Amino acid sequence: MDIGFIGLGIMGAPMAKNLLAAGHRLAVYDIIESSMDALASLGAYKAKSPKDVAERSSLVITMLPNSPDVKQAVIGPDGVLEGAKPGLALIDMSSISPDASKEIYAACQAKGVEALDAPVSGGEPKAIDGTLAIMVGGNEETFEKWKSLLLCMGSSAILCGPAGSGNVAKLVNQILVAANIAACAEGLTLAQKAGADPYVVLEAIKGGLAGSTALNAKAPMMLAENWKPGFKIDLHTKDLGNVMAAAEFFGSPLLLSPILLKMFKSLQESGFGQEDHSALKKCYDLELLK
Ligand code: NAD
């Protein structure tokens, strides 16, 4: 199948590689031209714009930072919808606000383009392995049509409800991940201050109720002071901003998310926005919120 892929960053590049490996032909686009080189060397066509991508594809996948980026690539000038042929489908796999997903879905419907929001969880390692957890919003028929394609990039794809529901699930995911990493940073700091060996503490607790994928992935990074992203502080701050907006819209109370957002913003203000979200540990080590 001819697939277009827009946004070739930490996640998009390995996801696109998995589609090539599954035998699909790819047209790729990223605003940073050099980001397309690795895929082009594997046989992908380097497109000139999202419109150019759409003209060559039956399906376009977007994997971009936030709502304005997806709107620009899909609805904007030289965007996907300008190049859409009859029967084109759009799957936006970015983590964006549910509101924006609904707006993009409506714009696609108006042009006869079927659309799904299908954000992911699992980070770079699972993007590389093709074992992401994919949470989908849209109609059932469209979901069933594209489910097997989604499973070239993930080990699960679950329809959560109508357009925007994939991104509601993703916001839930991001609250849990942020809280988990922050708790991990706080607990490891206590272990260190108490003179305990944090590696031994981790070994002792990871098989119990506190064990988690986030703990296994992020605690070793904190202890090694390895802040190479993974998932950038800037992007998790964006997700928590989207949590705040969605909670206000739906009248859902928040206690933890505002504190977590404050921690993330303190890291951004200190110049750590491009580091991995495991750098939440610096809120404690550098006493950023004192
Ligand atoms: P990234 O910053 O590494 O990559 C984003 C890419 O999009 C960059 O290459 C950038 O040049 C490109 N881009 C930005 N605006 C564009 C536009 N208008 N047109 C074309 N290209 C454009 O980000 P990432 O980590 O790959 O994350 C992508 C999305 O996936 C985000 O929504 C993020 O929240 C989500 N996500 C990331 C992870 C992770 O662990 N990194 C995990 C799950 C979900």
Side-chain angles (χ1 to χ4, degrees), residues 4-18 27-39 46-54 60-83 90-98 100-101 104 117-136 153-154 156 166-167 169-178 180-181 213-214 217-218 221 227-243 264 273-279:
F5 206 107
I6 301 173
L8 302 167
I10 289 174
M11 297 296 282
M15 291 162 72
K17 275 184 198 156
N18 285 331
V28 296
Y29 178 72
D30 193 291
I31 42 169
I32 299 174
E33 214 206 315
S34 59
S35 304
M36 296 186 265
D37 292 343
L39 269 299
K46 258 170 113 165
K48 290 163 196 66
S49 64
K51 179 183 174 192
D52 186 21
V53 167
V60 174
I61 295 174
T62 42
M63 192 54 172
L64 298 165
N66 198 7
S67 315
D69 310 303
V70 183
K71 283 191 202 172
Q72 187 193 327
V74 176
I75 308 172
D78 267 342
V80 170
L81 291 184
E82 282 191 10
L90 171 83
I91 304 183
D92 175 37
M93 302 190 76
S94 327
S95 307
I96 66 172
S97 82
S101 287
I104 291 159
D117 51 297
V120 306
S121 181
E124 189 184 18
K126 286 179 182 263
I128 293 169
D129 293 350
T131 56
L132 292 163
I134 306 174
M135 40 218 99
V136 187
M153 296 172 280
S156 69
N167 271 306
K170 178 65 187 180
L171 293 181
V172 175
N173 185 83
Q174 292 309 81
I175 295 170
L176 289 166
V177 172
N180 212 328
I181 296 175
T213 311
K218 300 301 173 183
M221 288 181 73
W227 316 122
K228 180 175 175 283
F231 188 61
K232 292 170 197 155
I233 293 286
D234 281 342
L235 288 176
H236 213 143
T237 311
K238 168 264 301 183
D239 289 334
L240 289 171
N242 287 339
V243 166
F264 276 98
Q274 290 294 301
E275 296 187 354
D276 189 73
H277 51 172
S278 55

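All ligand and atom numbering here is 1-based and tracks the order in the structure. Fair warning: this is a prediction, and the values are worked out from it, not measured in the lab.
Screening V80, V60, T62 for a side chain to side chain contact (heavy atoms under 4.5 Å, CB included) with P50, the sole residue that qualifies is V80.
Rounding to the nearest 0.5 Å gives a distance of 10.0 Å between CG of D234 and CD of E275.
Among pairs with a residue in residues 63-77, those fulfilling salt bridge (Lys or Arg N to Asp or Glu O under 4.0 Å) read K71-E103, at least two apart in sequence or across chains.
Take I10 and apply the side-chain contact (heavy atoms from CB on, under 4.5 Å) test, not counting sequence neighbours, and it matches E124, P229, K232. Applying the side-chain contact (heavy atoms from CB on, under 4.5 Å) rule to N242 yields the partners N66, S97, L171, K238; only residues at least two apart in sequence or on another chain are considered.
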- Begin with the C-alpha distance, continue with both residues' side-chain angles, and end with the deciding distance and a verdict on side-chain contact (heavy atoms from CB on, under 4.5 Å) for D239 and F231. CA-CA 11 Å; D239 289 334; F231 188 61; 3.3 Å; yes
Ligand 1: protein N/O within less than 3.5 Å of ligand N/O:
unit_1   : atom_1 : unit_2 : atom_2 : d
ligand 1 : 2 (O)  : K232   : NZ     : 2.9
ligand 1 : 3 (O)  : I10    : N      : 2.9
ligand 1 : 3 (O)  : K232   : NZ     : 3.4
ligand 1 : 9 (O)  : D30    : OD1    : 3.4
ligand 1 : 9 (O)  : D30    : OD2    : 2.6
ligand 1 : 11 (O) : D30    : OD1    : 2.6
ligand 1 : 21 (N) : I31    : N      : 3.3
ligand 1 : 26 (O) : I10    : N      : 3.3
ligand 1 : 26 (O) : M11    : N      : 2.9
ligand 1 : 32 (O) : L64    : O      : 2.9
ligand 1 : 32 (O) : P65    : O      : 2.9
ligand 1 : 32 (O) : S95    : N      : 3.0
ligand 1 : 32 (O) : K238   : NZ     : 3.3
ligand 1 : 34 (O) : K238   : NZ     : 2.8
ligand 1 : 41 (N) : G230   : O      : 3.1

